[in-house]
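What follows is one structure encoded as C-alpha cells, with my remarks underneath.
Below, chains carry the letters A, B, ... as their sequence lines are ordered, and counting in each starts from 1.
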Number of protein chains: 2
Amino acid sequence: MLKHNEYGQFCPVAKTAEILAVKWMPLVIRELLSGSFRFNDLQRGVPLMSPSLLSTRLKVLEDSGFVRRNPAKKGRGHEYHLTEAGKELGPIVEMYGDWAQTWLQQKIADQDLDPSLLMWDIRRNLDAAHFPTDRRASVQFELTGAKAKQRRWWVVFEEGEADLCMKDPGHEVDLYISSPLRALTEVWIGKRSISGALKSGELVLDGPRKLVDTFPNWFLLSATAR
Amino acid sequence: MLKHNEYGQFCPVAKTAEILAVKWMPLVIRELLSGSFRFNDLQRGVPLMSPSLLSTRLKVLEDSGFVRRNPAKKGRGHEYHLTEAGKELGPIVEMYGDWAQTWLQQKIADQDLDPSLLMWDIRRNLDAAHFPTDRRASVQFELTGAKAKQRRWWVVFEEGEADLCMKDPGHEVDLYISSPLRALTEVWIGKRSISGALKSGELVLDGPRKLVDTFPNWFLLSATAR
DNA sequence: CAGTATCCGATGCGATACTG
DNA sequence: CAGTATCGCATCGGATACTG
C-alpha cells in the first residue's frame with residue numbers, strides 16, 4: 001500500500017517530491033543548511049512548528065540518509081548534520097529563495113513579520129570579524145511597532161562571536177539601531193536597500209562614526225538578498 | 001489566521017514552499033512543463049490523483065498567477081498554460097529529477113512500475129520526425145510481466161505525429177518491441193542503457209533493419225536521462 | 001535542555017457520482 | 001469530454017504535558 005507521502009510513480013521528480021513536498025520540510029532543510037545543528041537552534045528557525053513534528057521530520061531525513069545525528073560534542077542532546085546527499089538539496093532550496101524573490105514581489109504580509117525570527121536570522125549573518133572593535137561591544141536594536149516584549153534586542157560582540165539577547169545585558173551600548181519592524185525586514189530580505197532606508201529616516205543608526213559607516217560591512221543581509 | 005499551507009515567515013524560501021511543498025504540486029507542474037495542457041492529458045500524468053484535487057491545484061496556480069486558463073482552441077474545456085513565472089519553476093523541478101537521479105539510486109519499487117504511465121511518457125518523447133518512414137507506420141510494444149490489459153500497446157506514426165493506443169488499431173505492425181516492464185522503465189529513466197538491455201536479451205526489437213538500427217534516434221529517453 | 005508521548009480537532013484528500 | 005459536487009474517513013499536525 002502507498003504511504004501518504006508517496007506517489008506510486010517511478011519518475012525521479014516524484015521521488016524527490018516525496019521528500020520535499022511535505023509541510024515544513026524545505027524549511028527544516030533550510031535551517032540545516034544555514035548552519036543550525038542543535039534541536040533548539042533548528043526550532044528557532046521554525047518557531048511555529050511543534051517540536052514533535054520537527055522531531056519526526058528529522059527522523060525521516062535521518063532514516064533516508066540525508067541527515068546524520070550524532071551525540072552532541074558539548075552539552076546533552078544531539079547534533080544534526082546534513083550528509084552529502086542532504087547538502088545537495090542546498091541548490092534546490094536556494095532556488096526556492098531566488099524564485100520567490102523574482103516572482104513573488106508582493107508586499108510582506110503583516111502576519112509574516114516576526115521580530116524574533118528576524119533577529120535570529122540577522123544574528124546568524126552578522127560578520128563579527130568585520131565589526132570594528134577589539135574589545136567587547138554592544139549593539140541595541142529597537143524595532144518600533146513590534147510588541148513591547150519583542151521590541152528591544154541586544155547583540156554583544158565578543159571574541160569574534162555575536163550573541164543575541166532579548167534582555168538588556170547591562171553593558172554600555174555602543175550603537176543604537178532603530179527601525180520599524182517592517183522596514184528592517186524588507187532591508188534584510190533585499191526588498192529595499194540599506195541606503196534607502198537610512199535616507200527615508202526609517203532606519204536610524206546612532207553611535208560613533210566608525211560603527212555607523214562600517215555598518216554594511218558587518219550587517220550582512222539574507223542569503224537571497226546577496 | 002494562517003491558512004494550512006502557510007508558514008507565517010517572511011523568508012522567500014518559505015513563500016515558495018507554500019506553493020511547492022504541497023502534495024502533488026510538483027508533479028502537476030512537471031506535467032505542465034512537459035507540454036500537457038488539457039485537463040485529461042494532465043490527469044494521465046498523475047493518474048493516482050483525483051480529478052477534483054487536480055482541479056483545485058490548478059485553481060491555486062491560476063489564482064496565484066502561475067497558470068493561465070483559456071478556452072480550448074479545439075473541443076470543449078480549457079487549456080492550461082504556465083505563465084512566465086510558472087515556467088521559471090522549471091529549473092527547480094528539473095533539479096528534483098537530477099537530485100533523485102544522483103542520490104536515490106535505489107531500485108524502483110514494484111508499486112512504482114506503471115505501464116500506462118510509462119507508455120504515456122514514452123509517447124510524449126517519441127521523435128516522429130526521426131522515425132524512418134514516410135508512410136504510416138505502426139510499432140507494437142509488449143510489456144512482459146504486466147497485467148494482461150496493460151501488456152500490449154501500439155504507437156502509430158502518421159504525418160509526423162505519434163498516437164498511442166491500448167487496442168490493436170488493426171494496421172500491419174512494422175516493428176515489434178518486447179521487454180519486461182521493469183527493464184523498459186529502467187531504460188526510460190536512464191538507470192540502464194539501451195544497448196545493455198538489448199545485449200541482455202531483455203529488450204528485443206523485431207522488424208526491418210532500418211527501424212531497429214535507428215531506434216535510439218526516435219525513441220528518446222526521459223528528460224532526466226538525457 | 002532536548003526532545004517524546006499523548007490527545008484531539010481540523011482538513012486534506014481519496015472515492016464516487018454527477019452534470020453541462 | 002472536462003471538470004464539479006458531495007461525502008467521509010484517515011491522518012496530519014498543533015497544543016500541551018511530560019520525562020531523562
Assess the residue pair B/Lys15 and B/Glu18 against the criterion (salt bridge (Lys or Arg N to Asp or Glu O under 4.0 Å)); give the C-alpha distance rounded to whole Å, side-chain angles, the decisive distance to 0.1 Å, and a yes or no. CA-CA 5 Å; B/Lys15 285 303 173 189; B/Glu18 290 181 357; 3.6 Å; yes

In B/S/- notation, 5' to 3', how is nucleotides 3-18 of chain C contacted by protein heavy atoms closer than 4.0 Å? SBB-----SSSSB---

Nearest-angstrom distance from the residue atom CE of A/Met25 to C1' of D/dC12: 14 Å

With A/Arg152, which residues qualify under side-chain contact (heavy atoms from CB on, under 4.5 Å), at least two apart? A/Gln140, A/Glu142, A/Trp154

Counting only heavy atoms not in B/His171 (residues, nucleotides, ligands), do more than 12 fall under 6.0 Å from its NE2? yes

Let me know the distance between CG of B/Asp41 and P of D/dA2, rounded to the nearest Å. 8 Å

Could you label the plane-to-plane angle of the A/Phe131 and A/Trp218 rings as parallel, tilted or perpendicular, counting under 30° as parallel and over 60° as perpendicular? perpendicular

Any side-chain donor-acceptor pair under 3.5 Å between B/Arg124 and B/Ser36? yes

Is a donor on one side and an acceptor on the other found under 3.5 Å between the side chain of A/Thr83 and the backbone of A/Gly65? yes

Can you list the stems that include DNA chain C, where a stem is three or more consecutive Watson-Crick or G-U pairs with distances under 3.5 Å? C:1-19 with D:2-20

Determine whether the side chains of A/His81 and A/Glu79 contain a donor N or O and an acceptor N or O closer than 3.5 Å. yes

Residues, nucleotides or ligands: over 12 heavy atoms within 6.0 Å of B/Arg226 CZ: yes

